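Following: one structure in structure tokens, then a few remarks.
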Amino acid sequence: MLNRQGRPTALNDTDGIDVKSSTFTGNRALAQIEPLIFEIGRPETTGVDFDEPDDFESRLGGLERQDPIGLPGLSEPETMRHYVRLSQMNYGIDTGLFPLGSCTMKHNPRLNERMARLPGFADIHPLQPVSTVQGALELMDELARYLLTLTGMSAVALSPKAGAHGELCGMMAIKAAIEARGEGATRRTVLVPDSAHGTNPATAALIGFVVKAVPARADGTVHVDDVRALLGPDIAAIMLTNPNTCGLFEPQIVEIAAAIHEAGGYFYCDGANFNAIVGKVRPGDLGIDAMHINLHKTFSTPHGGGGPGSGPVVLSDRLASFAPVPFVHRDGNEFTLVENKNDPAAVQSFGRITAFHGQMGMYVRALAFMLSHGSDGMRQASEDAVLNANYVRAGLSDLLSQPFGDRPCMHEVLFDDAWLKDTGVTTLDVAKALIDEGYHPMTMYFPLVVHGAMLIEPTESESKASLDLFIATMRDLAMSAKRGETERFSGAPYYAPRRRLDETRAARNPILTYTPPQPVAEAAE
Ligand SMILES: *Cc1c(COP(=O)(O)O)cnc(C)c1O
């Protein structure tokens, strides 16, 4: 047993399938198994060799730690191997197709990385005098100009650090606007469709709004009549995703915007799926008041394991003056930062939501992506993202079922699990079997309105050959499930470094500390 922290990891636990998995070392060919660093490290070992410090006087007033700290020590080559082996267990967009729907896992062009590492962008400090960072501020101003041009909006708050953070920023601007109208006490309801990303209702609730669900129609879209039925003097805003999480463009979005405005509310659009429409549609023309843009999705900056993302929010005329500080102000060729609400340019600002100015490295990458593609290239990227999703749809639609009928999708294609009926195989099983085939699974069980949802977003990065192999793999899995080969699925993944984990238990009851095993004699008592 390599791992003592309670996870079922055994390689020879094959659930009755004949997999030659138990090697002497636990390794599989060139895939190296790797225990926790605490299991291989020794407190007395170190990879560096410092001189003993001279006598010094502690200024901790007797509070210094007395016990050994117990950190695992490894030599330099052992450290190197530990982390390289762990990195090889990871799967990323640089490893292969990453069809995680709604996440837009596209290639991060290396040119962008190169630009982000330029010392004038990478090595600056947020507290430097603005006279020494004029180039960085100009880049932010230029990025803002591109975002406003692409969206047809009036202002942009660059500082939010993720899509969800952008939602918070946009909704706080809406809240400030409602309070400025003196309606803070009455306009407290936010409409959110059933199919929304969980961050939408969470954001609204977090800042004190009451969330009311708008039902989705049988065709997967939101109908203006269903919105109108819920409108009244209590409505602060609607949060609508477009293209929506079912991969469909909301056909009544203009009518919905008009209806919400007529009722005195604001239109928040979740723009995480902007990749489908860049250069094709300007959200400002649809009547949107606030929309976040995930630079780490649409504009190819890395997602980076929960951060650093970047979620700028574009705002309409009606909300522009409520934008958060800080923001860049351009005066001829000189750039300054509007840092607080005492500045006459920011009297209505709702305040500050980040310590400093946001994710500089992401700004550089996103602008490098925009400049290297140009307007025609960005439009083509969107078209290719939609084309690729529809290519996958066409390649699978005779075997897999689609909840809203076989019709064109935007940048992602949604299947349900009706095609798995009576096979004994579930959406989860298919996702796990995909791991054995060397793919990161698609998004599963989201959106919640579709039973056993499988949401596949190939992005524009994939070549036809790559899509063909993925489609062939999915077809093989589908036929295997329909032939009743349940063992291929029920215990999958068979070939991954870790087998099927109890993810619910891991999320609900995470073990975040390491407890050294009891010495054998003690444990026996
Ligand atoms: C990704 C996503 C979000 C949240 O964005 P983060 O950057 O992950 O916080 C919100 N809504 C939708 C539809 C998304 O796809």
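If you read the sequence from its start, that first residue is 1, and numbering goes on from there. Please read these numbers as outputs of a predicted model, since none were measured by experiment. When reading the values below, keep in mind they use all heavy atoms of this one structure, side chains included, and skip hydrogens, waters and symmetry mates. Both counts, for ligands and for their atoms, begin at 1 and track the order of listing.
For His296, the closest heavy-atom approach to ligand 1 falls below 4.0 Å.
For Asp285, the salt bridge (charged side-chain N to carboxylate O under 4.0 Å, His left out) partners are Arg282, not counting sequence neighbours.
In this structure, Met239 and Phe209 have side chains that are not in contact, with every pair of non-hydrogen atoms separated by 4.5 Å or more. Two residues are said to be in side-chain contact when any heavy atoms from C-beta on lie closer than 4.5 Å; His261 and Arg318 meet this criterion. You'll find the side chain of Phe350 stays beyond 4.5 Å of the side chain of Glu179, heavy atoms only. Side-chain contact between Met291 and Phe274 is present, with heavy atoms from C-beta onward closer than 4.5 Å. The closest side-chain heavy-atom distance from His303 to Ile93 is not below 4.5 Å.
At a heavy-atom distance under 4.0 Å, only side-chain atoms of Ala272, from C-beta outward, approach ligand 1.
Which parts of ligand 1 touch Gly163 is read off a 4.0 Å heavy-atom cut-off, strictly below it: atoms 5 (O), 6 (P), 7 (O), 9 (O). Taking every heavy atom of Ala164 and a limit of under 4.0 angstrom, the matching atoms of ligand 1 come to 4 (C), 5 (O), 6 (P), 9 (O). Taking a cut-off of under 4.0 Å to the non-hydrogen atoms of Thr199, the atoms of ligand 1 that pass are 10 (C), 11 (N). Contact atoms of ligand 1 toward Ala162: 7 (O), 9 (O) (distance under 4.0 Å to a heavy atom of the residue).
Residue Cys103 has no N or O atom closer than 3.5 Å to an N or O atom of ligand 1. Annotation: Asn294 places an N or O atom under 3.5 Å from an N or O atom of ligand 1; distance criterion only. When only interatomic distances are considered, the shortest N/O to N/O separation between Asn200 and ligand 1 does not fall below 3.5 Å. In terms of polar-atom proximity, defined here as any N/O pair under 3.5 Å, His292 makes no such contact with ligand 1. Here's the thing with Asp270: one of its N/O atoms is less than 3.5 angstrom from an N/O atom of ligand 1.
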(Q) Applying side chain to side chain contact (heavy atoms under 4.5 Å, CB included) to Arg352 and Glu339, what does each step give before you reach the verdict? (A) CA-CA 9 Å; Arg352 177 181 281 266; Glu339 294 258 28; 2.8 Å; yes
Q) Between Tyr91 and Ile435, does a side chain to side chain contact (heavy atoms under 4.5 Å, CB included) hold up when you go through it step by step? A) CA-CA 10 Å; Tyr91 188 93; Ile435 296 176; over 6 Å; no
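Annotation: atom 14 (C) of ligand 1 to nearest protein heavy atom, Lys297 NZ, 2.9 Å.
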